[in-house]
Amino acid sequence: MQCASVKLKFLIKTIYNPCYCCAWLLYYLLKDFLQRFRMSTNDVRVRFAPSPTGQVHIGNIRTAIFNFLFARNQGGKFILRVEDTDIERSTPEAIAKLFEVMQWLKLEVDEEPVYQTSLAGAHLEAAEKLIAKGDAYKFAKGEGGEEATLYRIPIDVESLNFVRKVGAQSVALHPDKDFIAGPEGISYALISKKGKAVPLEACLAGFQNLKLFNEDNDCIFELVPNLEAILSGERFIIDAAVRAEYDRYEVFFDDLVKGQLAKPLDSMKDLVIVRSNGTPVFHLANVCDDASQAISHIIRGDDHVENTYRHIFLFHSLGYDVPKYAHLPMIVNASGKPYSKRDGDAFVGDFKAKGYIAQALFNYLTLLGWSPGDDREKMSLNEIIKAFDITRVKSAAAQMDMNKLFNLNGQYMEEMPFTDFYSKVADELAQYDWFDSENTGYNHQVAALLQSRTKLFSQVDAWKYFYSNEYELNAKLIRKNLSRDGVISALSALAEKLSSPEYFASKELLESIVAEIGEANGFANGKLNLPIRLTVSGSNSGADLYETLLLLGAECVSSRLARAAGILEMVSAE
RNA sequence: CACCCCAUCGUCUAGUUGGCCUAGGACACAGGGUUUUCAUCCCUGCAACACGGGUUCGAAUCCCGUUGGGGUGACCA
């Protein structure tokens, strides 16, 4: 693109030589037009490429979310590639789970999902192509083993625009260990601070213009003149070398979130691309698929940065453009360590099961490692898409904060349309035998009363007292509050009075009755509220007391209040 | 062990072209207020630039080092 622009500029300049001003103006207008054109025929394509081996991990789905957001923000395509080549571990159940989770979070893909197994033929073809080009070779490690196919990091690096020279290196070699140069690379040993040998291996490309010297400072080996022999299989073993001199080069790329990243070639090794059993390795498959699917931006976890240095070479050797990369920081557990299966709450399914709202989890995950730059936190999907900027993603790992997720979920819960809320709640309640799904009118009233104080769907287990007399009792609070002088007798008096339904005509009437009875028994206004609540619900928290009583009805309230003494006795006996 | 990466309140983060930062917001926590009760809401408080050098008139922001953490290291993805 840049090259084209320069050519264009030159062309226009030569045509309009007499008038540079016009040329410049025209150039900028054209450039602008080209940019707009490119925007409209967007070629941004990103993919989410999970291995379906069991549950969907929370960190994994975050990667999917960021890919999705990037695609939507850029007007590009979001693609799902199921990397199911691990036949042992990939199961149909896991794939179904993956779809379920993505659907739940509304991560809509723009093309039919692609299964990597269907692409496997191309991987081996690519390997053959690399061997034919001389960029890959067969090698068996150890004695008598089967040969695997290894990709050779290109030794001719000068023409590579993603490799640069860092400088001349001069390192001391450990005298006890041989310096070996063979077709599969170089093996040698450095000297540690304590004088011990530090064995190392690297690719041939890492040692440009290598020269080895002995104790007398005589050059005893040079790589370049022997390169041809080495590549055709010869192995040089130099035992008296004490120093190596070479030009160090490094691969580099601009990561959209981490900035420019680089790695010296002398710390890289040739890599296996086809196993000795003939199956392609992840690196090859991944690169081939990203190329064949024309992926423009690879957005993936932090744990892949090391792979990126190698994949860049593979893309190039296979004759493809290198895509742009963005490496997302990992999500860590409460103790700051990487999530493991044992941690709990590591899978998306756990959150769904606990009654979190998909949008809330989505919104929360979005805020892990990213922020819009202002103080907005609770945002609609459209707001997030509009604000999303991959370069604003942080490069440090983030911890899940269950409190904050819980709080955010509560906010979503509160503003959820009642009908949506009710249907979820009814589903959740269906699992309890005390729930009466037939009684829809009553159920609606209960749900309406409790919606604003529900932060998680699983909390509906506390609604039992609306349906059954066998509700949980907070023993400690009941002991404390019902044992006070006069409380039981006041509750009995109230029970008697409230046995007639006429007082349940309105909230106000009910309040006045309670106040009246309370006063008659020596309780100031409001002092009876907690004892009443504890008696009829077993808990000190809930909805507005009088609305609750109204819903429960005269018969229920009266009978529960009447057994206050029994309840107190029961919890005291414990 | 080698290489790569990261480092602001307990947690998520704002801060990114050095001065509007005696470091802002949110969650959590503590205290107070409104509400006869529950919840909501409001106010206040607590609390961080990992450490040590350097550059500079001035650094959370740039450079170096240390420490700590993470990733990767020939046939997992």
Side-chain angles (χ1 to χ4, degrees), chain A residues 49-51 53 83 85-86 88-89 116 139-141 145-151 184-185 190 192 196-202 250 255 258-259 261-264 266-277 279-283 285-286 301-310 327 329-330 332 334 336-338 364 367-378 391-392 394-408 410 414 449-450 452-455 511 514-515 518 524-533 537 539-549:
Chain A
S51 307
T53 56
E83 304 214 330
T85 46
D86 188 339
E88 304 264 305
R89 296 192 302 152
Q116 193 167 50
F139 183 76
K141 192 181 182 178
E146 292 288 307
E147 286 187 327
T149 306
L150 288 267
Y151 171 72
E184 77 286 0
L190 257 26
S192 75
K196 284 188 173 177
V198 180
L200 292 169
E201 286 175 65
E250 65 183 11
D255 191 278
K258 289 178 175 282
L261 262 24
K263 189 179 178 71
D266 55 355
S267 67
M268 292 178 71
K269 284 190 275 188
D270 290 353
L271 56 138
V272 173
I273 52 174
V274 179
R275 297 185 189 94
S276 43
N277 69 8
T279 57
V281 169
F282 161 75
H283 303 293
N286 202 253
D302 227 351
D303 48 337
H304 281 292
V305 302
E306 294 293 323
N307 293 334
T308 304
Y309 299 113
R310 322 201 255 218
H327 286 97
M330 318 220 77
V332 294
K337 298 286 177 190
Y364 177 73
L367 262 17
L368 230 45
W370 177 81
S371 82
D374 47 44
D375 286 340
R376 284 179 298 167
E377 290 196 332
K378 183 174 176 298
T391 66
R392 281 193 57 84
K394 290 228 317 175
S395 47
Q399 252 180 53
M400 290 281 286
D401 182 351
M402 291 303 167
N403 278 323
K404 189 148 181 165
L405 171 60
F406 181 70
N407 181 281
L408 192 61
E414 209 176 325
L449 185 59
L450 273 312
S452 68
R453 18 222 132 188
T454 305
K455 294 202 166 195
E511 282 185 43
V514 172
N525 197 13
K527 291 293 178 195
L528 234 32
N529 283 327
L530 186 55
I532 296 171
R533 183 184 289 281
S537 78
S539 164
N540 65 330
S541 69
D544 178 277
L545 179 61
Y546 297 95
E547 302 221 34
T548 302
L549 296 181

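Letters A, B, ... mirror the listed sequences (proteins, then strands); counts begin at 1.
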Open item on the list: Classify Leu271(A) by what it touches in the nucleic acid, base, sugar-phosphate, or nothing, heavy-atom distance under 4.0 Å.
Closed with: nothing

Task: Smallest separation among heavy atoms of Asp266(A) and Ala202(A), with atom names - done: O-CB, 3.3 Å

Task: Distance below 4.0 Å between Ser371(A) side-chain N/O and A14(B) OP1 or OP2 - done: yes

Table of protein N/O atoms under 3.5 Å from nucleotides 5-7 of chain B N/O atoms:
| unit_1 | atom_1 | unit_2 | atom_2 | d |
| --- | --- | --- | --- | --- |
| C5(B) | O2' | Lys258(A) | NZ | 3.1 |

Open item on the list: Out of the candidates Thr308(A), Asp303(A), Asp302(A), only one should pair with His327(A) under the side-chain hydrogen bond (donor to acceptor under 3.5 Å, both in side chains) rule; please name it.
Closed with: Thr308(A)

TODO: Please determine, for G73(B), whether a Watson-Crick or G-U wobble partner exists with both distances under 3.5 Å, and give it or none.
DONE: C1(B)

Protein-nucleic acid N or O pairs under 3.5 Å, nucleotides 21-25 of chain B:
| unit_1 | atom_1 | unit_2 | atom_2 | d |
| --- | --- | --- | --- | --- |
| G25(B) | N2 | Glu377(A) | OE2 | 3.2 |

- [ ] Can you tell me the distance, in whole Å, between the CE atom of Met330(A) and the C1' atom of C12(B)?
- [x] 18 Å

TODO: Quote, to the nearest angstrom, the C1' distance that separates G25(B) from A14(B).
DONE: 7 Å

Open item on the list: Set out, in order, the CA-CA distance, both residues' side-chain angles and the distance that settles side-chain contact (heavy atoms from CB on, under 4.5 Å) for Leu367(A) and Glu377(A), then state yes or no.
Closed with: CA-CA 7 Å; Leu367(A) 262 17; Glu377(A) 290 196 332; 4.0 Å; yes

Task: Candidates C27(B), A77(B), U37(B) - which lies nearest the side chain of Asn407(A) - done: C27(B)

Task: Minimum heavy-atom distance between Asp401(A) and Tyr364(A), given as atom pair plus value - done: N-OH, 2.6 Å

TODO: Look through every strand shown and name the nucleotide pairing with U22(B) as Watson-Crick or G-U wobble, where both distances are under 3.5 Å.
DONE: none

Open item on the list: Could you check whether atom NZ of Lys527(A) has more than 12 heavy atoms from other residues, nucleotides or ligands sitting under 6.0 Å from it?
Closed with: no

- [ ] Ignoring the backbone of Tyr546(A), work out which of U36(B), A77(B), C12(B) is nearest its side chain.
- [x] U36(B)

Open item on the list: In this structure, how many angstroms lie between the P atom of C4(B) and the NE2 atom of His327(A), rounded?
Closed with: 16 Å

Task: Pairwise distance OG1(Thr454(A)) to CG(Leu449(A)) - rounded to 0.5 angstrom - done: 9.5 Å

Task: Shortest non-hydrogen contact between Ser371(A) and Arg392(A), atoms and distance - done: O-NE, 3.0 Å

Open item on the list: For a quick check of understanding: with a heavy-atom distance under 4.0 Å over all strands, which category does Ser51(A) fall into, base, sugar-phosphate or nothing?
Closed with: sugar-phosphate

Task: Span that lies between the C1' atom of G10(B) and that of G52(B), in whole angstrom - done: 26 Å

TODO: State, to 0.1 Å, how close Pro264(A) and Glu250(A) come at their nearest heavy-atom pair, and which atoms those are.
DONE: CA-CB, 3.7 Å

TODO: Calculate, to the nearest 0.5 Å, the distance between atoms CH2 and NZ belonging to Trp370(A) and Lys394(A) respectively.
DONE: 14.5 Å

TODO: Can you tell me the distance, in whole Å, between the CZ atom of Arg89(A) and the P atom of A77(B)?
DONE: 8 Å

Task: Any Arg392(A) side-chain nitrogen or oxygen under 4.0 Å from OP1 or OP2 of G15(B) - done: yes

Task: Side-chain N or O of Asn277(A) closer than 4.0 Å to phosphate OP1/OP2 of C75(B) - done: no

Open item on the list: Using every non-hydrogen atom in the two residues, find where Gln116(A) and Ala285(A) come nearest and quote the distance to one decimal.
Closed with: NE2-CB, 3.5 Å

TODO: Among G71(B), C4(B), C76(B), find the nucleotide with the atom closest to the side chain of Pro264(A).
DONE: C4(B)

TODO: Determine which nucleotide pairs with A30(B), using a 3.5 Å limit on both distances of a Watson-Crick or G-U wobble pair.
DONE: U44(B)

Open item on the list: Reading RNA chain B from 5' onward, which residue's closest nucleotide shows up sooner: Leu545(A) or Thr85(A)?
Closed with: Leu545(A)

TODO: Map Asp544(A) and Glu414(A) onto RNA chain B by nearest heavy atom, then report which one ends up closer to the 5' terminus.
DONE: Asp544(A)

- [ ] Determine, answering yes or no, if His304(A) is stacked on A77(B) under the 5.5 Å centre rule and the 30° plane rule.
- [x] yes

- [ ] Go through U36(B), A77(B), G69(B) for me and flag the one nearest to the Lys337(A) side chain.
- [x] G69(B)

Task: Val198(A) side chain, from C-beta outward: closest of C12(B), U37(B), A2(B) - done: A2(B)

Task: Gap in Å between the two C1' atoms, one belonging to G73(B) and one to C29(B), rounded - done: 44 Å

TODO: Quote, to the nearest angstrom, the P distance that separates G70(B) from C75(B).
DONE: 23 Å

TODO: Let me know the distance between CD of Glu306(A) and P of U72(B), rounded to the nearest Å.
DONE: 9 Å

Task: Whole-Å C1' distance, A48(B) and G15(B) - done: 13 Å

Task: Separation of the C1' atoms in A23(B) and C9(B), to the nearest angstrom - done: 10 Å

TODO: Scan Leu530(A) against the nucleic acid and name what it touches under 4.0 Å (heavy atoms): base, sugar-phosphate only, or nothing.
DONE: nothing

- [ ] Could you let me know what C51(B) is paired to, Watson-Crick or G-U wobble, both distances under 3.5 Å, or none if it's on its own?
- [x] G65(B)

Open item on the list: Closest approach to the side chain of Ala398(A), judged atom by atom: which nucleotide of A2(B), C12(B), C3(B) is it?
Closed with: C12(B)

Task: Pairwise C1' distance, U35(B) and C41(B) [rounded to whole Å] - done: 10 Å

Open item on the list: Rounding to an integer number of Å, can you tell me how far Asp266(A) CG sits from C4(B) P?
Closed with: 9 Å

Task: Length of the CZ-P vector between Phe282(A) and C75(B), whole Å - done: 15 Å

- [ ] Please state the P separation for the pair U40(B) and U22(B) - nearest whole angstrom.
- [x] 35 Å

Task: Shortest non-hydrogen separation from Asp255(A) to Leu261(A) and the atoms involved - done: CB-CD2, 3.9 Å

Open item on the list: Given G71(B), G10(B), A77(B), identify the nucleotide with an atom nearest to the side chain of Asp401(A).
Closed with: G10(B)

Task: Closest listed nucleotide, where the reference is the side chain of Asp303(A) and the choices are C76(B), U72(B), G70(B) - done: U72(B)

Open item on the list: Show, in sequence, the C-alpha distance, side-chain angles and deciding distance for Leu549(A) and Ile532(A), and conclude whether the side-chain contact (heavy atoms from CB on, under 4.5 Å) test is met.
Closed with: CA-CA 9 Å; Leu549(A) 296 181; Ile532(A) 296 171; 4.2 Å; yes

TODO: Would you mind reading off the distance between Asp255(A) atom CG and C4(B) atom P, rounded to a whole angstrom?
DONE: 16 Å

Task: Nucleotide U13(B), atom C1' - distance to CZ of Arg376(A) in whole Å - done: 14 Å

Open item on the list: Within the 4.5 Å heavy-atom criterion, are Leu408(A) and Lys378(A) side-chain neighbours or not?
Closed with: yes

